[in-house]
Amino acid sequence: MPGGNGEARCAYLLEGLEDSGDPLSGDGTLEALILAVRFVGWRLHVFVSQGGYVTRQDDFYPARFKDLFGPLLTDQPLPPNTD
């Protein structure tokens, strides 16, 4: 989603975890996408560390999201936006 002044936005959805989220902004489409993936990875890490679990949508078996997110699955929140 385009923003203003060269800014790009990336929407995300964490169905069952958040009702809605504001699109994350970056200086370009790649940065916005990376920030959104990092944010989702962080939110999933927090959720699982608090006893939650993630299942695959098709068969409800536990998802191996560590394999999907790798180093993007982190216990560190995104750095604050300085804009």
Side-chain angles (χ1 to χ4, degrees):
M1 288 186 338
N5 300 326
E7 175 185 280
R9 296 180 184 172
C10 185
Y12 67 94
L13 174 65
L14 291 170
E15 189 174 328
L17 191 58
E18 291 184 7
D19 291 333
S20 64
D22 293 329
L24 297 171
S25 299
D27 287 335
T29 55
L30 181 59
E31 183 180 41
L33 175 63
I34 290 171
L35 288 173
V37 170
R38 283 187 59 205
F39 179 77
V40 167
W42 172 70
R43 288 289 289 131
L44 288 174
H45 175 83
V46 170
F47 177 69
V48 170
S49 71
Q50 294 174 342
Y53 60 95
V54 178
T55 60
R56 299 185 309 200
Q57 184 175 356
D58 55 343
D59 56 17
F60 300 103
Y61 284 101
R64 296 181 54 103
F65 59 89
K66 282 188 178 183
D67 293 342
L68 297 173
F69 285 94
L72 296 174
L73 186 65
T74 177
D75 61 352
Q76 300 297 313
L78 294 173
N81 189 346
T82 58
D83 291 339

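Numbers here simply count residues along the sequence, with the first being 1.
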inquiry  = Looking at every heavy atom in both Ala32 and Ala8, which two are closest together, and how far apart are they?
reply    = CB-O, 3.6 Å

message = Please give me the minimum heavy-atom distance between Leu35 and Ser25, naming the atom from each residue.
response =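 Nearest heavy atoms, Leu35 then Ser25: CD1-O, 3.2 Å.
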
inquiry  = So, using side chain to side chain contact (heavy atoms under 4.5 Å, CB included) as the criterion, who are the partners of Leu30 when residues are at least two apart?
reply    =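 Counting only residues at least two positions away or on another chain, Leu30 forms a side chain to side chain contact (heavy atoms under 4.5 Å, CB included) with Ile34.
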
ask   = Residues in side chain to side chain contact (heavy atoms under 4.5 Å, CB included) with Glu18, at least two apart?
value = Tyr12, Leu14, Phe39, Arg43

ask   = When hydrophobic residues are tied together by side-chain contacts of less than 4.5 Å, even through go-betweens, does Leu17 share a cluster with Leu24?
value =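 Yes, because Leu17 and Leu24 connect within a single hydrophobic cluster, where side-chain heavy atoms sit under 4.5 Å apart.
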
